[in-house]
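Here the structure is laid out as structure tokens; the discussion comes afterwards.
When a ligand or atom number is given, it counts from 1 through the structure's own listing order. In this chain, residues are counted from 1 in sequence order.
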Amino acid sequence: MEKYDVIVVGGGPGGSVAAMTAAGLGLKTIVLERGTRPGEKNVSGTGLSPKCYRDFEFMKEMKLPHERVATMATLHLSDDEAVERMSFSFTPSERAAYPEAREFLTVNVYRSELDPRLFGLAADAGAETRTSTRIVGVVKAEGGRITGVRTDTGETITGDIIIGADGVISTVARTAGIRQKWDPSEVAMIINIDFGAARADIDEAIGGNALHYWYSSVFPVGYSFFSAEGFHVGLGNYVTWWKKSPHYYLNRMFEIEGVQRQIRQCKGVAREFQNHMVTFLTNPTTTYGDSVLLVGDAAGFACPFEAEGVYYAMYSGMLAGKVAAEALSSGDVSRGFLSRYERAWRDSPVGEEFVGGEAIDGFVRGIGFNPEAGRWVIPMLNDAAFGLLNVAESHTASARNLPRLLLPYVPELARELKEDLLPLSARMVERPRRSARPGLVRLMRKALPRILPPLARFAARRPRSPYGEVVGPLLAEHFLTPYAEERINTLEEVERG
Ligand SMILES: Cc1cc2nc3c(=O)[nH]c(=O)nc-3n(C[C@H](O)[C@H](O)[C@H](O)COP(=O)(O)OP(=O)(O)OC[C@H]3O[C@@H](n4cnc5c(N)ncnc54)[C@H](O)[C@@H]3O)c2cc1C
């Protein structure tokens, strides 16, 4: 029986790049895809981040027929009555870190075009590619060693290393005993409707402003993403969140005049209702086992902020291909050797995405995916903009009125800052590389708890400040004391090395 060095299960972006890498390194590689063609079940569009083009040479040359370059993104905020209260847009920064990031926000493509193209590149690199082949489990020899995979027709395919790139459900992960199903609280369900439209109509109505996010107090955060000749409108939340039917929330989103206008102006024709799952993990921990490496969604690598997953699938696929080659050349495919895969992805942009995982999760659950928060976040942002920019009164009067407008939001904002936003930024700040001076640590340990709370109390007592009474005690309770403690802990950690 023919034996492979590497069997890749799944011909999505993760699997194709894993196969491309393994075959490119001279390994006898096969990639197995259950669909009659890769990307078959993924009609809807996908936004590819600039990172894809920065890190993969083949992406620079890839031009897909229905791609639309998004040079602007817009966030729309609407209230309980589905009335849009404000919106704002952003474009790439001229000072972004690398050229592609300065040029575009995403390239919106169809997976039905992207996946076959990547699959083809894996074949070009020397991998054997097979479609219409569904894997039902790994095959184990006596003693439990994994020796291959089995298809739904009963065929056994033998190989030394299995790369599970079979998406969020991952038969490989489960049958290899690496993990069971994800906990429902870690997985989001995203529903959307895919529309077809003429390129000229989308060009006219949308152009490069091709990423729209819809934040509201009645449905979880939604989006409308536009590719060249189509767009999809949808929303999602954790599987455990839905209190009513998902269709109810989607209908509420479609009540927004701005959403309807986009569909009208693009003359969109609904093509398909879609329902997909994606993980929102704070820290992936089950990514390899004896003879097995998991990549992309199978490993839970979609980013925990907005579920960007194609880049992370491709990047982890590349790393898995390389680690497979190292393992085979050293004749060791044990879990012990393959643990270097986890070290490799943690030390890469994939791992970097999860440094703030828990804090991001707090923010997403607290605000992003939480329509309840929209009840104060949306009026607060609107009142801030109105307070600063309105011409209903003189600008002097408006400035004097600003505290009155914004103070009611301060308690909620303070709680959110403390629980989610500050931990988020604290986790993401780069820790100092050099050990702090012990003397400085001692000084700060003594000084911070003494100085900061009295400062806050002083602010609270200032009678002329309308902010003081509300803001001072909140600052002391929520921030200054915990911040002082956090700084001291950090300094102590650094001191201990
Ligand atoms: C609604 C939605 C919108 C998203 N939008 C974006 C976006 O805009 N940008 C972005 O970067 N990411 C986005 N993501 C995330 C992204 O789709 C995934 O992270 C990405 O597809 C992961 O790639 P993958 O190769 O790991 O898995 P997949 O793309 O899921 O590919 C897995 C492949 O394995 C095959 N397969 C599965 N089981 C078997 C089996 N038993 N035998 C053989 N083959 C099998 C499947 O047919 C599939 O081709 C979105 C996700 C969802 C749900």
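Within ligand 1, the atoms closer than 4.0 Å to a non-hydrogen atom of E308 are 10 (C), 11 (O), 12 (N), numbered from 1 in the order shown. Those atoms of ligand 1 that come under 4.0 Å of a heavy atom in M277, given as number and element, are 53 (C). Those atoms of ligand 1 that come under 4.0 Å of a heavy atom in R134, given as number and element, are 41 (N), 42 (N). Near G12, with a cut-off below 4.0 Å to any heavy atom, the atoms of ligand 1 are 25 (O), 31 (O), 33 (C), 49 (O). Residue contact check: T133 has heavy atoms under 4.0 Å from atoms 42 (N), 43 (C) of ligand 1. Under a 4.0 Å criterion applied to the non-hydrogen atoms of G14, ligand 1 contributes the atoms 25 (O). Annotation for ligand 1: atoms under 4.0 Å from non-hydrogen atoms of T171 are 41 (N). Near G47, the atoms of ligand 1 lying under 4.0 angstrom from a non-hydrogen atom of the residue are 7 (C), 8 (O), 9 (N), 10 (C), 11 (O).
Taking the charged nitrogens against the carboxylate oxygens, R264 and E257 do have a contact shorter than 4.0 Å, which makes a salt bridge. For the pair E255 and R252, the salt-bridge criterion is met [side-chain N within less than 4.0 Å of a carboxylate O]. Taking the charged nitrogens against the carboxylate oxygens, R365 and D361 do have a contact shorter than 4.0 Å, which makes a salt bridge. A salt bridge is defined here as a Lys NZ or Arg NE, NH1 or NH2 lying under 4.0 Å from an Asp or Glu carboxylate O, and D290 with R145 fails to meet this definition. The pair D79-R85 counts as a salt bridge, with a side-chain nitrogen and a carboxylate oxygen less than 4.0 angstrom apart. Between D152 and R34 there is no salt bridge, since no side-chain N of the basic residue sits under 4.0 Å from a carboxylate O of the acidic one.
The side chain to side chain contact (heavy atoms under 4.5 Å, CB included) search around A327 returns I161, V333, F337, L338, not counting sequence neighbours.
Using cut-offs of 30° and 60° on the angle between ring planes, the pair H212 and W214 is parallel. Using cut-offs of 30° and 60° on the angle between ring planes, the pair Y53 and F104 is perpendicular.
Within the structure, every pair that satisfies the salt bridge (Lys or Arg N to Asp or Glu O under 4.0 Å) test and touches residues 306-318, not counting sequence neighbours, is listed here: K51-E308.
Looking at ligand 1, you won't find any N or O of Y223 less than 3.5 Å from one of its N or O atoms. Between A307 and ligand 1, a contact under 3.5 Å exists for at least one N or O pair. Where the criterion is an N or O separation shorter than 3.5 Å, residue side chain and backbone included, G35 fails it with respect to ligand 1. Here's the thing with I135: one of its N/O atoms is less than 3.5 angstrom from an N/O atom of ligand 1. For ligand 1, the polar-atom distance check against T46 finds no nitrogen or oxygen pair separated by under 3.5 Å. An N or O contact shorter than 3.5 Å links D297 to ligand 1 by distance.
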Verdict with reasoning, F354 to F305, per ring pair (Phe, Tyr, Trp, His ring centres under 6.0 Å): CA-CA 10 Å; F354 291 96; F305 192 56; over 10 Å; no
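Heavy-atom distances between M314 and ligand 1 stay at or above 4.0 Å for every pair. For P13, the heavy-atom gap to ligand 1 drops under 4.0 angstrom. The closest approach between any non-hydrogen atom of H232 and ligand 1 is not below 4.0 Å.
The cationic atom of R343 (NZ for Lys, CZ for Arg) does not lie both less than 6.0 Å from the six-membered ring centre of W345 and within 45° of the ring axis.
At a 4.0 Å heavy-atom cut-off, ligand 1 touches A165 through the backbone alone. With a heavy-atom cut-off of 4.0 Å, E40 does not touch ligand 1 at all. Neither the backbone nor the side chain of I169 has any atom closer than 4.0 Å to an atom of ligand 1 (non-hydrogen atoms only). Only the side chain of A313 comes within contact range of ligand 1, with a heavy atom under 4.0 Å; no backbone atom does. Residue-level proximity to ligand 1 for V310 is carried by backbone and side chain together, each with a heavy atom below 4.0 angstrom.
The option with the heavy atom closest to atom 1 (C) of ligand 1, from among I190, I191, T151, T131, is I190.
In summary, the side chains of Q262 and S224 do present a donor paired with an acceptor at a separation below 3.5 Å, with no hydrogens or angles considered. A side-chain donor from one of Y110 and S227 sits under 3.5 Å from a side-chain acceptor of the other.
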